[in-house]
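Residue numbers start at 1 and run along the sequence shown.
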Amino acid sequence: GNLTGNVRYNTTTTYDLNISAANISETLAQEISLSLTYTRRGFSFPLFGLNLNNDIDMTMTYSRTKNSRKTHDPAVLSSNQEGVPLEGNTRTVLEPRVRYALSSRVTASLFYRYTKIAPDEGGSLIPGTSTNEAGLDIHISIQ
């Protein structure tokens, strides 16, 4: 078999000066994601009296994204650099998936996806939620 992986980290901070309101807005976005894939091609597995060459792909994906906004008052910036939280949340997604190819015409995939959105302690406009999804895809090609 073959095992591959991918790790990604991204962070962005943006500052906006609002002259009419006399404040500075800070927007922060941080994301980390991890993906692992195991692939095995052409292994033999007897099924229904047939001995076909089968393929299997197993994938695990994880990502976490944090978004937050703060406002800063330039008059008190020397004593308070933390700012005032406006809103923010953290989104976490975990998804394992297995794809099995019985032949070039018959494939099946089984997956589960967990998504959680948690509000920041400092402030948020949305309540926390979590979602569970699962599915089975069967593809039969008729030619």
Please report the closest heavy-atom contact between G5 and L36, naming both atoms and the distance. CA-CD2, 3.9 Å
Separation between NZ (K116) and OG1 (T131), nearest 0.5 Å, reads 12.0 Å
Is T71 close to E26 at the side-chain level, that is, under 4.5 Å between some pair of heavy atoms? no
Looking only at side-chain N and O atoms, does Y100 offer a donor or acceptor that is under 3.5 Å from a partner on D57? no
Would you say that R91 contacts R64 through its side chain, given a criterion of any heavy-atom pair below 4.5 Å between the two side chains? no
Less than 4.5 Å apart, any side-chain heavy atom of T59 and any of T37? yes
Could you check whether any side-chain heavy atom of R113 comes within less than 4.5 Å of a side-chain heavy atom of R97, counting everything from C-beta outward? yes
Roughly how far, to the nearest 0.5 Å, is CG of N132 from CG of L94? 10.0 Å
To the nearest 0.5 Å, atom OG1 of T107 lies from atom CG of N54 at 12.0 Å
Are M60 and Y38 in one and the same hydrophobic cluster, where Ile, Leu, Val, Met, Phe, Trp and Tyr link if side-chain heavy atoms are under 4.5 Å apart? no
Do we see a donor-acceptor contact under 3.5 Å between the side chains of D120 and S68? no
Taking every heavy atom of D55 against every heavy atom of R41, the minimum-distance pair comes out as OD1-CA, 3.3 Å
Does a side-chain heavy-atom distance below 4.5 Å link Y114 with S130? yes
Heavy atoms of A29 and N67 approach each other most closely as CB-OD1, 3.5 Å
When hydrophobic residues are tied together by side-chain contacts of less than 4.5 Å, even through go-betweens, does L28 share a cluster with Y9? no
Output the distance between atom CD1 (I19) and atom CD1 (I24), rounded to the nearest 0.5 Å. 10.5 Å
Under a 4.5 Å cut-off applied to non-hydrogen side-chain atoms, are H139 and D137 in contact? no
Mind checking whether L3 and V98 sit in one hydrophobic cluster, side chains of I, L, V, M, F, W, Y counted as touching below 4.5 Å? yes
Output for pair (D16 CG, R69 CZ), nearest 0.5 Å, gives 9.0 Å
What distance separates L34 CG from R8 CZ, expressed to the nearest 0.5 Å? 12.0 Å
